[in-house]
Amino acid sequence: MKEISPTEAAQLARDVYAVQDSSELGFLLDSALFKKVEKSKPSPHSHLKAEVGGRIILNHTDGFGVCAQGSNDDLFLIFRGTTSANGGADFFTDARIGIENSTAGLPVHLGFNHCFSSMLPEIRSFFGAHASGGKTVHCIGHSLGGAVASLAADWVVRNTIHTAKLYTFGAPRVGTDWFVKSTTDTIGSENIHRVYHRTDPVPMVPLYPFMHAAYGQEGHYLFSAEPLTSGEAHKMAKYIKSVAQKTWGHLSETPESPYAMESAIESWLKSKSPIDTSSAAFWRWVDSALIYVLKKVAMAAIISLQGAFITTFTIADKIAYILAKGIDLAENISIWVEHLMRKLMQALGMQVAKSKEELTRSLISNVLARIIEKANKEARNALRRL
Amino acid sequence: MSFMSLFTKGKEVEAVLFSPLEGKITYQGKPVTGAKIKLKVAWKDQDGETEFYQTDNQGNFNIPKKTMTYTENPLVQLVIKQRLTVFFENQEFYIWRLSKMEEAIFTELGGRPINLICELTNDERTVRGNGSLGGTRCTWDALDEAVNLNERN
């Protein structure tokens with residue numbers, strides 16, 4: 001099954017931002033990757049005749065995609081993120097994000113799911129016209145576009161006879177553990193190319209329970225030096241530079257290992273060093289530690305997190321539920337919840353809890369809600385300043 | 001927890017909305033004199049701004065640089081839509097339409113075009129510069145890439 005190169009994928013992920021209408025689609029598709037079609041001579045006062053093997057899926061402020069026929073009997077679904085004409089990237093600022101079920105009945109981020117669902121009628125229609133043979137469908141996107149591409153790739157494999165290749169750049173986390181495990185099995189981890197810069201903040205959030213596909217795989221980690229707080233490492237132009245002249249095999253750097261190793265996470269949790277919330281490292285540690293502690297608790301308590309429980313509470317409530325359960329468990333589990341809560345309360349400038357009895361479910365929920373609220377407020381401020 | 005709490009205030013940067021463009025408009029090889037040219041540039045909404053220019057009695061036109069200053073938001077891709085049309089014999093001809101996605105000057109083509117000629121009977125050709133994509137009826141002899149492109153890393 002042929003896949004496209006990192007540079008080809010990155011160029012498409014960026015160029016799709018330039019397409020606003022069907023006449024501009026012609027420029028995007030004017031490349032060796034796409035099926036050539038006969039163009040009739042345009043009249044002097046009209047556009048280039050848009051005889052292209054593709055169409056725009058949706059032209060909407062919150063979502064935009066393109067589907068096209070490739071030159072190798074393959075198909076393309078390319079999604080873009082937010083442009084300057086669309087205003088704020090609201091889906092990032094909603095810290096109290098809900099979860100709903102994807103088309104496959106798996107829990108995913110509500111905003112991304114809506115975006116993808118609105119494009120589904122056009123996507124179905126496009127596949128209806130290209131039903132023959134088991135083709136490769138390249139699903140590509142940057143940022144929000146990457147999240148939608150992930151949902152699209154999953155949909156393609158479940159609902160068509162085709163196979164999917166997924167290429168994302170700086171994509172946020174799309175779905176929960178179950179979505180990600182399921183989607184990784186469905187698409188195949190070798191078909192998933194998740195590219196992210198070390199200091200790109202977007203792939204870092206939301207935190208648990210949202211995770212990245214491919215489950216268990218580290219994705220294509222790229223070094224970047226730009227400070228996390230600048231967000232510079234999220235730019236598609238930077239991804240294009242980072243992958244230039246490289247094959248997928250080249251892009252297999254191991255992420256900085258401290259974040260992955262359990263013993264390192266435990267050391268971090270136990271450490272009493274001052275907290276710097278502006279540092280990239282701090283948030284990576286929080287992320288790793290939160291997942292680590294939640295898994296510890298879940299495994300110990302054999303908590304089932306599926307189903308109706310998921311849809312009724314906010315993220316903060318859900319996490320608080322799990323952590324509160326952890327407090328009630330044996331010392332070897334509860335101590336980690338204590339350490340984690342201490343770190344979070346310290347980050348908030350709160351009085352750190354002195355004993356685990358103080359860490360009630362409502363306190364934990366309050367701490368989590370306050371951090372999310374703080375983040376939400378700063379997000380609104382950041383956008384207001386634009 | 002959301003990463004948004006990590007964002008410092010976005011950088012104030014200057015972006016070139018339209019790089020200086022000078023050239024000649026022809027129809028079937030003959031200069032189009034005294035013709036109205038419309039330039040539309042949009043980036044933060046669909047409408048943008050429209051300006052008008054005119055070719056002189058040799059069919060030449062000269063459009064100066066347009067810039068703006070804005071606060072960058074790393075979550076949002078800057079897309080500057082440029083549309084250049086010429087009014088000739090009661091028809092409006094597209095000569096240039098392009099999306100510019102980098103802030104520096106002369107990224108549309110990747111350099112300053114030398115000897116630009118926009119023949120109205122040409123087909124549009126796809127153009128890919130530095131982070132730009134579009135089409136034009138114009139042709140040029142060469143691109144001067146030595147101009148200060150100020151590439152950002």
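So you know, we letter chains A, B, ... as the sequences are listed, proteins then strands, and number each from 1. Quick note: numbers below take in every heavy atom, side chains included, and nothing from hydrogens, waters or symmetry partners.
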Seminar exercise, completed: Between B/Tyr53 and B/Asn62, the two heavy atoms sitting closest are CD2-O, 4.2 Å

For this session: Indicate whether any N or O donor in one side chain lies under 3.5 Å from an N or O acceptor in the other, for B/Gln28 and B/Thr121.
Result: no

Exercise. Side chain, backbone, both or neither: which part of B/Lys81 has an atom under 4.5 Å from a heavy atom of chain A?
Worked result: side chain

Problem set entry | Residue, of B/Phe88, B/Tyr70, B/Trp43, that accumulates the most heavy atom pairs under 4.5 Å with chain A | B/Trp43

For this session: Considering only heavy atoms and a distance below 4.5 Å, find which of B/Gly48, B/Gly134, B/Gly131 pairs most often with chain A.
Result: B/Gly134

Exercise. Should A/Val16 and A/Phe79 count as side-chain neighbours, where that means a heavy-atom distance under 4.5 Å?
Worked result: no

Exercise. Under 4.5 Å between any side-chain heavy atoms of B/Lys38 and B/Glu92, yes or no?
Worked result: yes

Seminar exercise, completed: Turns out that what part of A/Ile240 lies under 4.5 Å from chain B's heavy atoms comes down to neither

